[in-house]
**Q** 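Next up is a structure, given as structure tokens.
These numbers come from the heavy atoms of this one structure, side chains and all, not from hydrogens, waters or symmetry mates. Order of the sequence lines fixes the chain letters, A, B, ..., with proteins taken first and strands second; residue numbering starts at 1 for each chain. Predicted model, so just to flag it, every value in this text is computed and none were measured.
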Number of protein chains: 2
Amino acid sequence: MAVSEPTASRRPTALDVAREAGVSRATVGFVLNNTPGQTIPKGTRERVLQAAERLGYRPNSAARTLASGRSRIILLVLPDWPIEFRLRNYLDEASAALDKAGYSLVTYTRQADQTARPLWEALSPDLVVGPARFSPSDVASMLACGVRRIYPHPDRAEPVDASLAISAGPEQQVDHLHERGHRNLVYAAFAQAHTSSMVTARYQAAVDRARTLGLAEPGLEWIDYRDGSGEAVRRWLGAGITGVAAFNDDVAAAVAGAVVRAGLRMPTDLAVIGHDDAPIATMFVPGLSTIRIDTVALGRRFADFALHKVEQRPGPISHNVPGPALIQREST
Amino acid sequence: MAVSEPTASRRPTALDVAREAGVSRATVGFVLNNTPGQTIPKGTRERVLQAAERLGYRPNSAARTLASGRSRIILLVLPDWPIEFRLRNYLDEASAALDKAGYSLVTYTRQADQTARPLWEALSPDLVVGPARFSPSDVASMLACGVRRIYPHPDRAEPVDASLAISAGPEQQVDHLHERGHRNLVYAAFAQAHTSSMVTARYQAAVDRARTLGLAEPGLEWIDYRDGSGEAVRRWLGAGITGVAAFNDDVAAAVAGAVVRAGLRMPTDLAVIGHDDAPIATMFVPGLSTIRIDTVALGRRFADFALHKVEQRPGPISHNVPGPALIQREST
DNA sequence: CTGAAAGCGCTTACAG
DNA sequence: CTGAAAGCGCTTACAG
């Protein structure tokens with residue numbers, strides 16, 4: 001006897017599943033959510049699962065969020081420039097790990113012009129994470145939208161998670177140039193990225209390392225890839241610079257291109273090392289030395305870290321991340 | 001007389017605003033949503049808006065979604081490879097335009113391994129859009145999750161929106177090579193991208209154009225940037241190929257690198273044209289000819305298109321998109 | 001023009 | 001071990 005069969009157009013609800021399985025609505029919830037502290041007999045559990053399967057039941061996420069007060073969404077705010085090569089691996093790995101724990105990772109590149117409604121307003125994420133401190137107005141907006149966890153925390157001076165801002169790469173660039181005999185270095189980045197917090201973070205790491213090695217403090221040089229950067233290269237050579245640590249491989253390629261066009265040679269006239277081991281580092285002629293990061297491991301670490309924050313777990317984060325690897329090619 | 005002031009820890013609700021403004025809850029909704037058909041006196045409206053402002057009220061998005069049945073989220077599923085340069089502009093422009101209409105754009109790169117819960121399950125988007133047809137299981141999953149609009153529509157043979165799959169770029173590559181006197185062409189893409197629907201779409205456009213011009217059908221050549229691609233270049237030259245249309249500038253750079261390393265010259269021995277006008281096209285030595293797309297205009301067009309779909313508007317989409325521009329450098 | 005009230009589909013104490 | 005019920009914070013007919 002068919003009692004109000006769900007029509008084709010209506011999406012089945014937990015009540016439909018309960019009726020189909022002959023149990024109460026609450027029991028359906030307990031089974032489907034594996035609610036701890038509830039002991040459901042095997043038979044009941046099976047019946048519920050089969051009924052859900054048969055009806056193609058998917059819980060309504062808005063209702064769940066409203067009732068539970070948690071969206072199970074983690075919002076990762078990415079810097080708007082530059083998108084790193086291999087970021088894809090990082091995000092895939094992080095998403096997969098968070099998915100296993102029942103969370104969805106949404107990435108969001110905040111626009112420079114801040115007039116648009118920020119994404120956390122529409123998503124009510126349980127956690128918003130960024131690679132650097134958020135502006136006071138962003139923090140206020142998140143708080144007003146009910147975001148309970150923000151990282152980096154607006155009031156605490158925590159170090160940024162290692163998976164988001166790694167200093168080992170720039171350090172290794174400086175070490176490598178130093179080993180190759182270079183004593184006067186500059187750090188190069190694209191002028192288009194001068195607002196990027198990642199640039200300043202990496203530059204700072206390079207400066208600290210140079211100081212430790214007893215080198216002069218490398219200058220931060222903003223170059224423009226559109227003009228060939230020839231002027232900058234001539235200036236550096238005039239100032240006795242012999243080594244360039246670049247923010248990423250694109251920057252390294254821009255510098256290397258200027259060197260080649262000026263009729264100079266690498267690494268004899270100028271040594272250049274990039275960062276990320278992007279395809280261009282292989283394709284460029286000459287091949288570009290660079291630093292390879294284990295982004296898969298970093299992504300996993302990010303997931304651990306985010307779960308730690310969102311579930312308020314105390315103690316340290318377990319995952320170890322292998323250090324970056326030097327890839328030496330023809331430019332150093 | 002303070003009547004149950006909202007504590008610092010509680011987020012204000014529409015009821016708080018109503019009390020603060022001295023109106024009913026429903027009125028608050030009418031004012032804040034600009035509900036058509038409701039005529040609210042100016043004074044009341046002002047009072048409500050000021051009360052909302054004063055309390056820092058933000059509507060709870062989950063509650064709104066649950067009650068209205070619409071999330072006002074548009075989910076754009078991106079192909080997992082390759083991410084186009086200038087995609088950022090496209091997305092920023094699209095987001096801004098959609099935001100003005102009250103929608104949030106979320107982008108989502110679907111992982112190759114499909115075990116994770118797809119993002120549409122957590123977000124309940126009003127519309128899911130992708131650059132190519134979704135798999136039957138994806139469609140089934142979207143339907144089960146209550147997604148009402150899917151594009152491309154699973155049952156209809158609509159052409160993909162022009163903002164997502166533009167054929168004018170590949171056509172212009174072929175035209176340019178043809179004008180420069182090349183008659184035997186290949187189309188090159190990275191082997192790592194062989195599952196990408198964008199590659200096949202662009203390749204098909206190039207093939208169609210070659211046919212129109214009376215040229216032999218260009219072969220689709222998969223190259224690997226890691227091995228220098230020297231073997232492929234030698235093979236092409238042996239087969240009388242003189243022109244290469246590349247999927248993007250990275251591919252063009254890989255080919256160009258192989259040409260340089262083989263001691264050959266561009267465009268004399270082989271002409272190469274890329275696509276996107278990415279930084280690498282400027283930085284590479286020699287400079288790479290390429291196609292520049294007006295991604296800002298495309299992004300705006302995508303927004304128009306998405307609003308059209310999500311609000312079921314009939315008729316054509318208004319926005320005109322300027323054609324791609326040829327950027328000639330040293331490689332052709 | 002404004003308000004009281006039902007309802008969206010869940011979660012989660014609280015009883016039995 | 002299971003169920004009846006309140007409640008999450010909105011939207012939206014429906015009365016007045």
Side-chain angles (χ1 to χ4, degrees), chain A residues 6 9-48 51-52 55-72 102 121-122 124 126 144-146 148, chain B residues 6 9-48 51-52 55-72 102 121-122 124 126 144-146 148:
Chain A
S9 65
R10 224 188 85 246
R11 182 176 169 192
T13 70
L15 185 57
D16 296 317
V17 177
R19 280 205 274 252
E20 177 88 7
V23 299
S24 84
R25 217 180 154 160
T27 306
V28 171
F30 295 147
V31 170
L32 263 31
N33 295 330
N34 261 309
T35 311
Q38 296 287 342
T39 347
I40 309 287
K42 196 142 182 277
T44 309
R45 171 178 302 269
E46 296 275 282
R47 277 213 314 287
V48 170
L55 296 178
Y57 171 72
R58 293 298 156 93
N60 178 311
S61 58
R64 185 203 286 262
T65 298
L66 179 59
S68 70
R70 302 191 310 158
S71 63
R72 298 196 150 266
E121 193 165 330
S124 308
D126 293 338
C145 292
R148 314 297 291 265
Chain B
S9 65
R10 221 189 86 247
R11 181 175 167 191
T13 71
L15 186 57
D16 295 318
V17 177
R19 278 205 275 253
E20 177 88 6
V23 299
S24 84
R25 217 181 155 159
T27 306
V28 171
F30 295 146
V31 170
L32 262 30
N33 296 329
N34 261 310
T35 310
Q38 296 288 342
T39 348
I40 309 286
K42 194 141 184 280
T44 308
R45 170 177 302 269
E46 296 276 282
R47 277 212 316 287
V48 170
L55 295 178
Y57 171 70
R58 293 297 156 93
N60 179 311
S61 58
R64 184 203 286 262
T65 298
L66 179 60
S68 70
R70 303 191 309 158
S71 64
R72 298 195 151 266
E121 193 165 330
S124 308
D126 293 338
C145 293
R148 314 296 293 261

**Q** Where each pair must be Watson-Crick or G-U wobble with both distances under 3.5 Å, what dot-bracket representation of DNA chain D is obtained, with crossing pairs in [ ] and other-strand partners as |?
**A** |||.||||||||.|||

**Q** T65(A): what forms a side chain to side chain donor-acceptor pair (under 3.5 Å) with it, not counting sequence neighbours?
**A**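 For T65(A) there are no side chain to side chain donor-acceptor pair (under 3.5 Å) partners, ignoring immediate neighbours.
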
**Q** If you pin G22(B) and G29(A) to their nearest nucleotides in DNA chain C, which one's is more 5'?
**A**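 Closer to the 5' end of DNA chain C: G22(B).
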
**Q** Give the rounded distance in Å between these two atoms: CG of N33(A) and C1' of dA13(C).
**A**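 Computing the N33(A):CG to dA13(C):C1' distance gives 15 Å.
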
**Q** Between R148(A) and D126(A), is there a side-chain heavy-atom distance shorter than 4.5 Å?
**A**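 Contact flag for D126(A)/R148(A) side chains = no.
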
**Q** Side chain to side chain contact (heavy atoms under 4.5 Å, CB included) with T27(A): which residues, sequence neighbours excluded?
**A**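 Partners of T27(A) by the side chain to side chain contact (heavy atoms under 4.5 Å, CB included) criterion, ordered by chain and then number, come out as V23(A), S24(A), V31(A), I40(A), T44(A).
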
**Q** Identify, with sequence neighbours excluded, every residue that meets side chain to side chain contact (heavy atoms under 4.5 Å, CB included) alongside S124(B).
**A**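 Side chain to side chain contact (heavy atoms under 4.5 Å, CB included) check on S124(B) returns S61(A).
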
**Q** Please list, pair by pair, any protein nitrogen or oxygen found under 3.5 Å from a nitrogen or oxygen in nucleotides 4-8 of chain D.
**A**
residue	atom	partner	partner atom	Å
dC8(D)	O2	A67(A)	N	3.4

**Q** Who passes side chain to side chain contact (heavy atoms under 4.5 Å, CB included) against A63(A), sequence neighbours left out?
**A** N60(A), L66(B)

**Q** Would you say a side-chain N or O of T27(B) is under 4.0 Å from OP1 or OP2 of dG3(C)?
**A** yes

**Q** Let me know the distance between CG of L15(A) and P of dG3(D), rounded to the nearest Å.
**A**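 About 12 Å, once rounded to whole Å.
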
**Q** Tell me whether the side-chain N/O atoms of T44(B) come closer than 4.0 Å to OP1 or OP2 in dC1(C).
**A**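 Answer no for this pair, as no side-chain N or O of T44(B) is under 4.0 Å from OP1 or OP2.
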
**Q** Can you measure R70(A) atom CZ to dC10(C) atom P for me and round it to whole angstrom units?
**A** 17 Å

**Q** For the pair made of CG in D16(A) and P in dG9(C), what is the distance, rounded to whole Å?
**A** 9 Å

**Q** Just the rounded figure in Å: distance from P of dC1(D) to CG of N34(A).
**A**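 Rounding to the nearest Å, CG of N34(A) and P of dC1(D) are 15 Å apart.
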
**Q** Applying salt bridge (charged side-chain N to carboxylate O under 4.0 Å, His left out), which residue pairs with at least one partner in residues 58-70 of chain B are found, sequence neighbours left out?
**A**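 Listed once each, the pairs are E121(A)-R58(B).
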
**Q** Using atom CZ of R58(B) as one end and atom P of dC10(D) as the other, report the distance to the nearest whole Å.
**A** 13 Å

**Q** Between atom OH in Y57(A) and atom P in dG9(C), what is the gap in whole Å?
**A**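 In whole Å, dG9(C) P and Y57(A) OH are 10 Å from each other.
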
**Q** If you round to the nearest 0.5 Å, how far is CG of L15(A) from CD of E20(A)?
**A** 12.0 Å

**Q** Would you give the length of the straight line joining atom CZ of R25(B) to atom CZ of R19(B), rounded to the nearest 0.5 angstrom?
**A** 9.5 Å

**Q** Looking at side-chain heavy atoms only, is the closest gap between N34(A) and R45(A) below 4.5 Å?
**A**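 Heavy-atom side-chain distance check passes, below 4.5 Å.
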
**Q** Specify the separation, in whole Å, of atom CD of E46(A) and atom P of dC1(D).
**A**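 So the two atoms are 16 Å apart, to the nearest Å.
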
